[in-house]
2 protein chains.
Amino acid sequence: MGSWREKGRFPDRVVSRFSLYLRYLKQVGQEGVYLVTSSQIAQALHLTAPQVRRDLSYLGQFGLAGVGYNVKKLASTLEKVLGLNKEWPVVLVGAGNLGAALFSYSGFRRRGFKIVAIFDKDPKKAGTRWANVAILDIDRLPETIKQKDVKIGVIAVPQYAAQEVADRLVGSGVKAILNFSPCKIEVPDDVKLQDVDVTTELETLSWFLSQ
Amino acid sequence: MGSWREKGRFPDRVVSRFSLYLRYLKQVGQEGVYLVTSSQIAQALHLTAPQVRRDLSYLGQFGLAGVGYNVKKLASTLEKVLGLNKEWPVVLVGAGNLGAALFSYSGFRRRGFKIVAIFDKDPKKAGTRWANVAILDIDRLPETIKQKDVKIGVIAVPQYAAQEVADRLVGSGVKAILNFSPCKIEVPDDVKLQDVDVTTELETLSWFLSQ
DNA sequence: AACTGTGAATCTATTCACAGCT
DNA sequence: AGCTGTGAATAGATTCACAGTT
């Protein structure tokens, strides 16, 4: 069991709920709320109160028995645990519609993820800019990644190009990849891969409707 | 326990793997492969062979012992189970960058999801078209949904508008929602909600890198 | 009085291991 | 000989229930 406290290694499931908790806490914090209970959090996020308490207990003893959790304190702990107390430079590969959507999504920036360069292999796009971020030819990936010490790459290219892009990202030192293309890509064990698979989500809906 | 066979109610986890299996089978099928084993599937999708067999056994007896699974037959069964043997009309709400990305994503169409109308509340967009699909004012949601018997809605609007859009979709008869906005929305129990939460995925990466 | 933190219980998912089929 | 299908075993996640704290 439990070397998670020391090593900071919680299950992925718990980590993604941490992210939801943090979002909720920031929201209510902005509304001036000082304390929240596990049941309030649970209700807002469609979870159960014991689950919220169990999750938060991974962080140590935080709550005030009989009272609840201090919103600001809990939020700042979650930020630290999630590594959001710093800015993460991110490279975005693929300057199509999806790339544009991700680039323009302000939540990215607000949470400390800063797209420092965009890559595309279309020569017509390379050399232009979105806002003040340059779109570069994919061949310039390694230098940028090394120069800006980028650890996170986002893949927003068509399926057939995804594996090659992943290889280049990994080869240049990226350690975490968010993949939007609908295929399994191979990465070494020390690289964290997160897939966003829209087709699968839709097919789950289709299955549900077919019951 | 086990009325899943009769009722077609497998766990969500299994269903989303069904979707991955189907994608894999279509791919190798196109390459002319006739038979696959559970370990081949497992390897391609980063799963284990017993898990693949267990999942597929939910569908009944399919494999040929000593040989493997018939690619075409298994694929067509999965299609039926997932409800992909028909075309699903879908409405897309939000004609911003994300909406454009989703609209232009061909995988959508290829798998039987057809966007029949796009809605936006920007009067400058309403009245125009993308390809041959009309962008309409959000007020025309109910008539379109009823007329075309739409059961699936995709929410690609900013956070602040998401709940209202969901309410309108549900109110017009939509029974399944794919939500891209980074907030929890409330829907009745008989409506299936699937969230795509990019921020949470990114924050999981950030957590991983902070270990 | 109200809520946290957590052992114990339960429920769910995955893996093992092998009988049975081709 | 090789692979499926599945009971039994294990691992993992969630919930219960309550002692302990403010």
Side-chain angles (χ1 to χ4, degrees), chain A residues 1-5 7 9-21 24-25 28 33-75 77-78 81 200 204, chain B residues 1-5 7 9-21 24-25 28 33-75 77-78 81 200 204:
Chain A
M1 239 239 99
S3 60
W4 40 263
R5 179 85 72 89
K7 300 179 60 187
R9 287 220 134 268
F10 324 103
D12 264 36
R13 291 282 194 77
V14 173
V15 173
S16 70
R17 285 195 297 267
F18 279 171
S19 166
L20 300 179
Y21 298 153
Y24 170 77
L25 291 167
V28 298
V33 176
Y34 224 65
L35 288 165
V36 285
T37 66
S38 56
S39 357
Q40 290 172 319
I41 302 177
Q43 177 158 40
L45 302 175
H46 305 145
L47 303 168
T48 66
Q51 175 157 65
V52 172
R53 293 203 298 276
R54 171 80 62 193
D55 285 348
L56 295 182
S57 77
Y58 287 157
L59 304 171
Q61 311 231 138
F62 250 93
L64 309 174
V67 180
Y69 299 88
N70 179 307
V71 171
K72 288 259 184 301
K73 198 171 138 201
L74 186 51
T77 302
L78 284 170
V81 167
T200 293
T204 303
Chain B
M1 244 233 99
S3 59
W4 42 263
R5 179 86 69 90
K7 299 179 61 187
R9 285 222 135 270
F10 324 103
D12 264 36
R13 290 283 194 77
V14 173
V15 173
S16 70
R17 285 194 298 267
F18 279 170
S19 166
L20 299 179
Y21 298 153
Y24 170 76
L25 292 168
V28 298
V33 176
Y34 220 64
L35 289 164
V36 285
T37 66
S38 56
S39 357
Q40 289 172 320
I41 302 177
Q43 178 159 39
L45 302 175
H46 305 143
L47 303 168
T48 67
Q51 176 157 66
V52 172
R53 292 203 298 277
R54 171 78 64 194
D55 285 348
L56 295 182
S57 78
Y58 287 157
L59 304 172
Q61 311 231 138
F62 251 93
L64 308 174
V67 180
Y69 299 87
N70 179 307
V71 170
K72 289 260 184 299
K73 198 171 137 203
L74 186 50
T77 302
L78 284 169
V81 167
T200 293
T204 303

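Every chain is numbered from 1, with letters handed out A, B, ... down the list of sequences. Remember, predicted model here, so these are calculated numbers, not experimental data.
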d(CG, A:Leu35; C1', C:dA2) in whole Å = 13 Å

Are B:Thr37 and D:dC3 close enough that a side-chain N or O sits under 4.0 Å from OP1 or OP2?
-> no

Whole-Å distance separating the CG atom of B:Leu56 from the P atom of D:dT6 | 12 Å

Give the angle between the helix axes at the two ends of the helix from C:dA1-D:dT22 to C:dT22-D:dA1, taking five base pairs at each end and rounding to 10°.
-> 0°

Spell out, as yes or no, whether a donor-acceptor pair under 3.5 Å connects the side chain of A:Ser19 to the backbone of A:Val15.
-> no

In whole angstroms, how far is the P atom of D:dC3 from the CD atom of B:Gln43?
-> 13 Å

For nucleotides 15-22 of chain D, 5' to 3', base contacts (B), sugar-phosphate-only contacts (S) and non-contacts (-) with protein non-hydrogen atoms under 4.0 Å give BBB--BBS

Just how far, in rounded Å, is C1' of C:dC3 from CG of A:Asn70?
-> 15 Å

Look at B:Gln61 and D:dT6 and indicate whether a side-chain polar atom (N or O) is within less than 4.0 Å of OP1 or OP2.
-> yes

With sugar-phosphate meaning primed atoms plus P, OP1 and OP2, does A:Ser39 contact a base, only sugar-phosphate, or nothing at under 4.0 Å between heavy atoms?
-> nothing

Length of the line joining B:Leu74:CG and D:dT4:P, which is rounded to integer Å = 11 Å

When the distance from CZ of A:Phe18 to C1' of D:dA13 is rounded to whole Å, what number comes out?
-> 14 Å

Along DNA chain D (nearest heavy atom to each residue), the more 5'-positioned of B:Gly68 and A:Asp55 = B:Gly68

How far apart are the closest heavy atoms of A:Ala49 and A:Ala42, and which atoms are they?
-> N-CB, 3.5 Å

Taken to the nearest 0.5 Å, the spacing of B:Leu25 CG from B:Leu74 CG works out to 5.0 Å

Phosphate oxygens OP1/OP2 of D:dA13: is one of them under 4.0 Å from a side-chain N or O of A:Arg17?
-> no

Of the nucleotides D:dG5, C:dG5, C:dC3, which one has an atom closest to the side chain of B:Ser57?
-> D:dG5

The answer to which of B:Tyr69 and A:Asp12 contacts DNA chain D further toward the 5' end, by nearest nucleotide, is B:Tyr69

Please, which pairs that meet salt bridge (charged side-chain N to carboxylate O under 4.0 Å, His left out) have at least one residue in residues 57-67 of chain B, sequence neighbours excluded?
-> none

Assert yes or no for the condition that the ring centre distance of B:Tyr58 to B:Phe18 is strictly below 6.0 Å.
-> no

Between CZ of B:Phe10 and P of C:dA13 the distance, given in whole Å, is 13 Å

Can you spot which of B:Leu56, B:Leu35, B:Thr37 makes a side-chain contact (heavy atoms from CB on, under 4.5 Å) with B:Tyr69?
-> B:Leu56

Those residues at least two apart in sequence (or on a different chain) that pass salt bridge (charged side-chain N to carboxylate O under 4.0 Å, His left out) with A:Arg17 are A:Asp55

Measuring from B:Leu47:CG to B:Arg54:CZ, what's the distance to the nearest 0.5 Å?
-> 15.0 Å

A:Ala44 meets the side-chain contact (heavy atoms from CB on, under 4.5 Å) criterion, sequence neighbours left out, with A:Tyr24

Just how far, in rounded Å, is C1' of C:dG5 from CZ of A:Phe62?
-> 14 Å

Residue pairs involving residues 56-71 of chain A (criterion salt bridge (charged side-chain N to carboxylate O under 4.0 Å, His left out); sequence neighbours excluded) | none

